[in-house]
Amino acid sequence: MNSQEAIEKKVNAKMNHEPAYQTGRLDSLFKPKSIAIIGASSKELSIGNVILKNLLHYGYTGKIYPINPKEPEIRGVKAYPTIFDVPDDIDLAHVIIPSKFVPQIIEDCGKKGIKSVIINSAGFSENGEEGVALQEAFLAKAKEYGVRIFGPNCQGIINCDPEYNAYCDFTFTFPKPGAVSIVALSGGVGAFIMQSLFDLEIGMRYYASNGNACDVSISDVVKYYGDDDGTKAIILYTEGFHDPKEFMEVAKIVAKKKPILAMKSGRTEEGAKAAASHTGSLAGVDIATELIFEKTGILSFNNEEEMCQAAMAFSTQPIPKGNRVGIITNTGGPAVIATDELVSAGLQLPPLSERAKNILKETQLPEATIGNPIDVVATGGGKHFRSALDVLMDEETIDSVFINFVTAPFTDTDEVARNIVEVNNMKRKPIICNFMTNMSLERFQVTAKILKDGGVPCYSFPTTAAKALGALYKFHKVSSRNIGDAKIFKIDKAKADKIIESVSPLRGDGSGAFLSSDKVYNLLSAYGIPVADWRLVDSVDDAMKAANEIGFPVVIKADSEKLVHKSDEGGVKINIKNSDEVKKVVEEMKSKFNASDLKFFIQKFLPGGRELIAGVSAQRGLEPLIMFGLGGIYVEVLKDVVFKLSPVTELEANEMLSSIKAKKLLDGARGEKGIHKQSVVEIIQRISQLVNDFPQIHEMDLNPIMAFEDKAFVVDARIKI
Ligand code: ADP
Ligand code: MG
């Protein structure tokens with residue numbers, strides 16, 4: 001079985017549970033009062049041993065029941081031969097036994113009334129035919145008894161809330177309690193993100209790594225975190241989604257409430273392949289995943305370190321209300337570096353008000369620079385930092401504060417730190433601190449501790465700190481961005497229905513069918529998409545007649561299903577000025593292409609427009625993608641195109657025009673006129689409506705759309721059903 005088939009199987013094997021996120025359904029998993037370890041072992045270096053050890057080490061507050069038929073006790077905890085021998089109720093069970101025994105054990109768990117099971121064992125859908133069958137078998141049992149399955153082939157969960165201290169995982173990092181929750185399909189990535197947060201002294205709330213994710217999905221976990229008041233920010237790592245639509249529904253709601261920081265790997269083809277053979281995840285839809293993030297308001301990162309650094313800011317700071325930042329510094333250069341990064345993240349440094357400047361003149365040292373940045377100079381102490389902070393907190397034109405703090409040996413750095421913390425505790429505006437010091441000196445360790453304990457996010461590079469503030473601002477932007485609803489245009493649905501019905505959808509070999517040219521252009525017209533005037537004919541006489549009706553000059557295109565890139569093969573003749581030329585061209589094409597279905601597409605010649613492309617690509621389990629970009633015959637070379645997930649709203653269509661690299665060409669350049677953008681924006685929205693009405697459309701290419709100063713027309717189009 002190849003990996004694609006494995007994925008299909010796996011998706012089909014996913015249980016049709018009612019959504020797990022209905023009122024507390026996952027509490028038995030994340031807040032277990034008692035845990036059984038089926039496969040607990042006294043062997044050091046075994047998973048069944050490590051999980052017990054971790055639960056004990058982390059101070060789990062509930063009851064633990066090791067299950068092992070041969071051992072009376074493990075690590076000093078009384079063991080039981082089977083779960084049926086346990087006298088009490090069990091909320092959660094770890095299953096760490098060979099895969100072939102798992103279906104039976106799940107049935108036993110059901111009978112015992114266990115609500116959630118973490119299957120750590122591997123050997124299921126990631127392992128070919130036999131594994132898929134085993135997975136299906138235990139899922140059937142789980143469904144029968146209403147047991148929720150986490151995994152299989154997974155690490156587990158961690159709840160760092162001291163009320164639980166539930167370390168149901170075999171990893172090695174023991175986080176401090178905090179406000180960041182992690183969900184990761186891959187345990188390896190999840191674990192190192194957890195370790196990075198630990199190293200950065202960022203507290204954690206929940207951790208979940210669900211491996212094959214055959215039942216409890218990433219979406220279920222994200223929804224659970226979304227409803228959890230203790231979670232301030234969510235970190236998500238995935239290699240794709242089993243059910244992208246379900247995820248989008250959940251993410252849209254959660255991302256409005258709290259930041260979701262996400263990373264998706266497999267951006268390169270090689271990376272995607274590694275993902276496919278890794279957990280058998282949905283590879284190759286990497287572009288779609290980025291678009292899902294964008295559409296639902298998830299902050300996407302290309303770099304895991306940046307993501308963790310940003311999490312530090314999100315876990316302690318409020319979200320800025322805008323992009324205006326005030327900088328306080330006691331050294332010049334690093335403020336310049338920070339400013340570059342802040343500005344490229346879309347932030348601005350507004351000038352200070354007269355009122356602010358007057359206060360600063362009175363309170364700062366004579367050598368200080370009064371402006372934005374405020375340079376309190378290296379001899380500036382606690383009270384100088386404080387007055388600068390107070391001024392920026394009061395300035396109506398400032399939304400966030402960036403501090404550059406070098407620990408000058410001749411200042412009371414602790415006093416500076418205490419003042420920053422006092423202002424930070426007021427939580428009026430976000431504060432980010434680039435803290436430059438020698439951490440091997442005890443004196444400065446004390447200063448650092450004051451800042452960290454006071455919840456001030458500290459970074460050791462100006463760029464890193466600036467990027468973190470940039471991420472806070474980006475969340476403000478995405479959470480306040482309202483894309484609106486997709487427009488519904490008045491169209492001729494009945495005509496479109498007839499055209500689509502007349503096409504036989506699939507060939508014997510499973511490939512799609514291309515619509516004939518007349519159907520393509522009629523369909524576009526039914527949806528109000530302007531096309532250049534055209535006729536489809538099969539004889540010289542009809543060609544001449546058609547050309548006269550349309551009016552010269554015309555274009556003649558050889559029309560046959562086999563001709564994909566017509567101009568490459570000499571199948572397009574432009575600027576034909578009279579009937580004689582029509583006759584000559586049609587006869588030439590007749591002898592050149594002896595295709596049985598050969599026809600001639602006569603079209604109005606529309607020279608001098610900007611050639612654009614718009615298109616559609618259907619996605620499994622997801623709405624179709626809409627593409628827009630610079631078109632014509634060089635599209636494959638330049639690849640200046642952007643994608644959005646349909647339905648595309650007017651705002652999004654406008655964003656598409658303004659996000660291609662050659663966007664300035666649309667406004668005109670060097671004496672050339674710009675194009676009528678509104679016409680193109682409307683075409684994009686209308687094709688979005690078309691493919692949403694007809695999910696049978698697998699692929700569509702409008703290339704080129706000829707865009708002029710006052711309108712735009714499609715002059716070449718292909719549609720595959
Ligand atoms: P193909 O993409 O199959 O090669 P097209 O129909 O897109 O064929 O034609 C190729 C090129 O010919 C277009 O990119 C455009 O430059 C030009 N062309 C085609 N039709 C017209 C037209 N009606 N008016 C002006 N130029 C056209
Ligand atoms: Mg073309």
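In each ligand, atom 1 is the first atom listed, and ligand 1 is the first ligand listed. The first residue in the sequence is number 1, and the count goes up from there. It should be emphasised that the depicted structure is a prediction, and the values quoted were computed from it without experimental measurement.
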Residue-level breakdown please: for L563 versus ligand 1, do any non-hydrogen atoms fall below 4.0 Å on the side chain, on the backbone, on both, or on neither? neither

Counting heavy atoms under 4.0 Å, the part of H565 that contacts ligand 1 is backbone

Just to confirm my output: which protein heavy-atom neighbour is closest to [atom], and how far is it?
atom	result
atom 19 (C) of ligand 1	K557 NZ, 3.5 Å
atom 27 (C) of ligand 1	M706 CE, 3.8 Å
atom 21 (C) of ligand 1	V715 CG2, 3.8 Å
atom 14 (O) of ligand 1	E611 OE1, 2.8 Å
atom 11 (C) of ligand 1	I633 CG2, 4.5 Å

List for me each residue that meets side-chain hydrogen bond (donor to acceptor under 3.5 Å, both in side chains) alongside E682, sequence neighbours excluded, and say none if there are none. R686

Applying ring-ring contact (aromatic ring centres under 6.0 Å, His included) as the test, list every pair that has at least one member in residues 695-721; sequence neighbours left out. none

I'd like to verify the contacts: list protein N, O or S atoms under a distance of 2.8 Å from the Mg ion (ligand 2). N703 O, D716 OD2

Backbone or side-chain N or O of D568 under 3.5 Å from ligand 1 N or O: no

Nitrogen or oxygen of A532 less than 3.5 angstrom from that of ligand 1: no

Would Y521 and F601 satisfy ring pair (Phe, Tyr, Trp, His ring centres under 6.0 Å), going step by step from the backbone distance to the final call? CA-CA 11 Å; Y521 286 88; F601 192 78; 4.8 Å; yes

N703 heavy atoms, cut-off 4.0 Å: which ligand 1 atoms fall inside? 7 (O)

Could you list the donor-acceptor pairs under 3.5 angstrom formed by side chains in residues 480-493, with sequence neighbours left out?
from	atom 1	to	atom 2	distance (Å)
S480	OG	H476	O	2.5
S480	OG	K477	O	3.4
R481	NE	E655	OE2	3.1
R481	NH2	E655	OE1	2.8
R481	NH2	E655	OE2	3.4
N482	OD1	G484	N	3.0
K487	NZ	E650	OE1	3.4
D492	OD1	K495	N	3.2
K493	NZ	D497	OD1	3.3

